[in-house]
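Notes to accompany the following structure.
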Amino acid sequence: MKILVIHGPNLNMLGKRDPTLYGSQPLAEINALLERRAQELGVDVVPFQSNSEGALIDFIQSQAAQAAGIVINPGALTHYGLCLRDALADSALPVIEVHLSNIYAREEWRHKSVIAPVARGQISGLGWRGYIAALEILVAESK
Ligand code: DQA
């Protein structure tokens, strides 16, 4: 079973971005933690990061048929990425939206997610552990 793990714009800068909001782990470390947990669960994760909405959509379209679910942190595309939202909906896969920071405790424009209505659920503000929880939930629900 394959779970896609998608990281949107600016998340390649984790470790350098404000650690009080996003934690100090670089993206490679978060992916390694996810890979370790996936191995324990007996599933594969396919991580992908891009700063471009089109590249994220191309990845979803090319991988969806072989996948059982999607964990995604859409970065700022969360708040306006309608093309990304459509691609996630078209994939017909269960999607869990993850945010490192608590988007509801920040600026008002971050309170709205255009992704949430097409997601199975959302985890916000729990740091890198949110990704692990999302993976565990997708695996548990697809068995
Ligand atoms: C984020 C929250 C977004 O508002 C922001 O634009 C990001 C990261 C998070 O993980 O907390 O890039 O998705």
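Numbering starts at 1 and runs along the sequence shown. Values reported hereafter were calculated over all heavy atoms of this structure, with side chains retained and with hydrogens, waters and symmetry mates removed.
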Is the backbone N or O of Ile103 less than 3.5 Å from a side-chain atom of Ser124, with the two atoms forming a donor-acceptor pair by type?
yes
From the options Ile70, Leu88, Leu138, select the one residue that forms a side chain to side chain contact (heavy atoms under 4.5 Å, CB included) with Leu93.
Ile70
For Glu40, which residues count as a salt bridge (Lys or Arg N to Asp or Glu O under 4.0 Å) partner, sequence neighbours excluded?
Arg37
Taking salt bridge (Lys or Arg N to Asp or Glu O under 4.0 Å) as the definition, give me every residue that meets it alongside Glu29, ordered by chain and number, with sequence neighbours left out.
none
So if you build clusters from Ile, Leu, Val, Met, Phe, Trp, Tyr with side-chain heavy-atom gaps below 4.5 Å, do Val45 and Ile137 land together?
yes
Around atom CZ of Arg17, are there more than 12 heavy atoms from other residues, nucleotides or ligands closer than 6.0 Å?
yes
Is any side-chain heavy atom of His99 closer than 4.5 Å to a side-chain heavy atom of Pro74?
yes
Any pair counted as salt bridge (Lys or Arg N to Asp or Glu O under 4.0 Å), so long as it reaches residues 46-66, sequence neighbours left out:
none
Are Val46 and Val139 co-members of a hydrophobic cluster defined by side-chain heavy atoms under 4.5 Å apart?
no
Any non-hydrogen side-chain atom of Leu56 less than 4.5 Å from a side-chain atom of Ile72?
no
What pairs with Ser142 under side chain to side chain contact (heavy atoms under 4.5 Å, CB included), at least two apart in sequence or on another chain?
Met1
Pairwise distance CD1(Ile6) to CG(Leu11) - rounded to 0.5 angstrom:
12.0 Å
Rounded distance (nearest 0.5 Å) linking atom CG of Leu77 with atom SG of Cys83
9.5 Å
Here the pair of heavy atoms bringing Val98 nearest to Ala134 is CG2-CB, 3.7 Å
Side chains of residues 109-116: which donor-acceptor partners sit under 3.5 Å, not counting sequence neighbours?
residue: Arg110; atom: NE; partner: Glu107; partner atom: OE1; Å: 2.7
residue: His111; atom: NE2; partner: Tyr104; partner atom: O; Å: 3.3
residue: His111; atom: NE2; partner: Arg106; partner atom: O; Å: 2.8
residue: His111; atom: NE2; partner: Glu107; partner atom: O; Å: 3.4
residue: Ser113; atom: OG; partner: Glu97; partner atom: OE1; Å: 3.1
residue: Ser113; atom: OG; partner: Glu97; partner atom: OE2; Å: 3.0
residue: Ser113; atom: OG; partner: Ile115; partner atom: N; Å: 3.1
residue: Ser113; atom: OG; partner: Ala116; partner atom: N; Å: 2.9

Of all residues at least two apart in sequence or in a different chain, which pass the side chain to side chain donor-acceptor pair (under 3.5 Å) check with Asn51?
Gln49
Partners meeting side chain to side chain contact (heavy atoms under 4.5 Å, CB included) with Gln66 (sequence neighbours left out):
Lys2, Gln63
Using the rule that Ile, Leu, Val, Met, Phe, Trp and Tyr join whenever any side-chain heavy atoms are under 4.5 Å apart, tell me whether Met13 and Leu27 fall into a single cluster.
no
Write out all pairs satisfying side chain to side chain donor-acceptor pair (under 3.5 Å) with one or both partners inside residues 85-96, taking only residues at least two apart or from two chains.
none
Close side-chain approach of Leu100 and Leu14, heavy atoms under 4.5 Å:
yes
Determine whether Val118 and Val95 satisfy the following criterion, side-chain contact (heavy atoms from CB on, under 4.5 Å), listing intermediate values before the conclusion.
CA-CA 8 Å; Val118 301; Val95 172; 5.9 Å; no
Glu35 meets the salt bridge (Lys or Arg N to Asp or Glu O under 4.0 Å) criterion, sequence neighbours left out, with none
Using the rule that two of Ile, Leu, Val, Met, Phe, Trp, Tyr join whenever any of their side-chain heavy atoms come within less than 4.5 Å, decide whether Ile3 and Ile123 are in one cluster.
yes
Sequence neighbours excluded, which residues qualify as side chain to side chain donor-acceptor pair (under 3.5 Å) partners of Ser62?
none
Could you give all pairs that pass the ring pair (Phe, Tyr, Trp, His ring centres under 6.0 Å) test and reach residues 118-143, with sequence neighbours left out?
His7-Tyr131
Taking only residues at least two apart or on different chains, which pairs with a member in residues 41-71 satisfy ring pair (Phe, Tyr, Trp, His ring centres under 6.0 Å)?
Phe48-Phe59
Intermediate values then yes/no, side-chain contact (heavy atoms from CB on, under 4.5 Å), Leu4 and Val71:
CA-CA 6 Å; Leu4 310 180; Val71 175; over 6 Å; no
